[in-house]
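Each chain gets a letter, A, B and so on, in the order its sequence line appears, and its residues count up from 1.
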2 protein chains.
Amino acid sequence: MTSDKDNTITGKITRALADRIIAGHIAPGSKLRQDHFAEEFGASHVPVREAFRRLEAQGLVVSEPRRGVRVASFDIAEVREVAEMRASLEVLALRHAAPHLTTAILDEAEAINRAGENAADVRAWEETNRAFHRLILTPCGMPRLLTTIDDLHAASARFLFSGFRMEWGAPTDQDHRAILKALRDRQFDVAAATLARHVKWIGAKPGAKPRLKTLS
Amino acid sequence: MTSDKDNTITGKITRALADRIIAGHIAPGSKLRQDHFAEEFGASHVPVREAFRRLEAQGLVVSEPRRGVRVASFDIAEVREVAEMRASLEVLALRHAAPHLTTAILDEAEAINRAGENAADVRAWEETNRAFHRLILTPCGMPRLLTTIDDLHAASARFLFSGFRMEWGAPTDQDHRAILKALRDRQFDVAAATLARHVKWIGAKPGAKPRLKTLS
DNA sequence: GTTCTTAAAATTATAGATAAAAACGAATCT
DNA sequence: AGATTCGTTTTTATCTATAATTTTAAGAAC
């Protein structure tokens, strides 16, 4: 989260490109030409370059000096890496958020969870999934941790959208329910363990086709 | 960790500014004026702006649109936050690195540790401390995790250098030795637990003067 | 047919210039 | 006296233009 509302052109380009990359609209490894996007957004290439730097820091693009930037490609190893990082950090966040979780928050989380079960497509489901995690983790009051988790969520979502269509929904929502129940019962260790397993499961899914190329 | 060797002007400015901010040469909250640094580095302000975006992602500066960037200020809460994140992530890295740790690596780590005991000043000690951690964690083979840890190390170092002069050295090096011993004995859980305590200790140090202002 | 060299085209990286927004200060009004 | 408004000045954000570097392609030599 770079800023509250970033009305600057750089911010708009950053968000637009991030959305496209995450949605898989632009294939991994594609060259991103600054003039192209400058023309598309009706801007010069200077803000485009600044947007590239932000995306680079987010891990969505890789930049080779004097050679331009490409959409970051990821293999199954990196997906697992992101999943493990998420597991560690979300558990940390949950530990600190747990004491501040009110019944109202848990009720809202349950509502989001129910909405996720009826999600029409992967995109909508991912939206509610992210909302769920964000809701129960935000009370930890650790902004740097939350932004790092957000970046990891983006990477996860990218994988989720990229070509591989697995059966999504049921199992994870069961996990969500189990987490909420443990939180209501004040069994924080159980909640944390369930959360860790839940997050890692995404990366360890055997059904994932490893047809993603690694070019670096 | 933007690139291997970043000969571009943006890279040079980024490193120079990061060093100064970490070393405490520029006070937290100070405005960073792009023209000023453009002139100092004999460059235009475009690469300066790109450097700002990188530093922003690293958490070293905060940027308000149309208002410029300021050196990020940090209070004791954020120091603890960074310490906890480091603890979680370094433990994760160590768990994956442990199986690949050779005797040669551990010997080198011990040599670095010895060098750290004779460090003349805080700066030199931090250098060896970072080298130690990096050496035993790199074999995990998780690049994203390692760069995130590097960023957290930078934040930690910033706190270490900022005004507060505590007795450094002895206790942490004992921790380092304990970690190495546990690794040699293949007691990975002990090593991980010691590492976590060691990292958190930095942030929890009661001797730290909380005279750092938070302006946000 | 392959490979090396060389030239041309495309693209990146930076500089210089312009417009717009915010900070600062002075003068005026209450 | 204090507050407020208006204008000046500083600084940011962006655009246009230029230099340098890489990639592409063509042609010649082997």
A.B. asks: Using the ring pair (Phe, Tyr, Trp, His ring centres under 6.0 Å) criterion, which residues pair with Phe52(A)? Sequence neighbours excluded.
C.D. replies: none
A.B. asks: Asp150(B) and salt bridge (Lys or Arg N to Asp or Glu O under 4.0 Å): which partner among Arg86(B), Arg144(B), Arg134(B)?
C.D. replies: Arg134(B)
A.B. asks: Pairs in or reaching into residues 25-34 of chain A: which pass side-chain hydrogen bond (donor to acceptor under 3.5 Å, both in side chains), with residues at least two apart or in two chains?
C.D. replies: none
A.B. asks: Go through the structure and list residues passing ring pair (Phe, Tyr, Trp, His ring centres under 6.0 Å) with His153(B), not counting sequence neighbours.
C.D. replies: His133(B)
A.B. asks: Glu81(B): what forms a salt bridge (Lys or Arg N to Asp or Glu O under 4.0 Å) with it, not counting sequence neighbours?
C.D. replies: none
A.B. asks: Can you list everything that forms a side-chain contact (heavy atoms from CB on, under 4.5 Å) with Glu127(A)? Sequence neighbours excluded, please.
C.D. replies: none
A.B. asks: Detail all sub-3.5 Å separations between protein N/O atoms and N/O atoms belonging to nucleotides 9-11 of chain D.
C.D. replies:
{"residue": "dT11(D)", "atom": "OP1", "partner": "Arg33(B)", "partner atom": "NE", "Å": "3.4"}

A.B. asks: Does dA13(D) have OP1 or OP2 under 4.0 Å away from a side-chain N or O of Thr10(A)?
C.D. replies: no
A.B. asks: Give me the residues of residues 38-52 of chain A where at least one heavy atom lies under 4.0 Å from an atom of DNA chain D, by number, or none.
C.D. replies: Gly42(A), Ala43(A), Ser44(A), His45(A), Val46(A), Pro47(A)
A.B. asks: Tell me, please, which residues at least two apart from Ala124(B) pass side-chain contact (heavy atoms from CB on, under 4.5 Å).
C.D. replies: Ala119(B), Asp121(B)
A.B. asks: In whole angstrom, what separates Glu64(B)'s CD from dA21(C)'s P?
C.D. replies: 17 Å
A.B. asks: Do any N or O atoms of the protein come closer than 3.5 Å to N or O atoms of nucleotides 22-24 of chain C, and which pairs are they?
C.D. replies:
{"residue": "dA23(C)", "atom": "OP1", "partner": "Arg67(B)", "partner atom": "NE", "Å": "3.3"}

A.B. asks: List for me each residue that meets side-chain contact (heavy atoms from CB on, under 4.5 Å) alongside Ala93(B), sequence neighbours excluded, and say none if there are none.
C.D. replies: Leu137(B), Cys140(B), Leu145(B), Ile149(B)
A.B. asks: Quick one: list whatever passes side-chain contact (heavy atoms from CB on, under 4.5 Å) with Glu126(A), sequence neighbours left out.
C.D. replies: Arg130(A), Ala157(A), Leu160(A), Phe161(A)
A.B. asks: Taking salt bridge (Lys or Arg N to Asp or Glu O under 4.0 Å) as the test, write out the residues that go with Glu108(A), two or more places apart.
C.D. replies: none
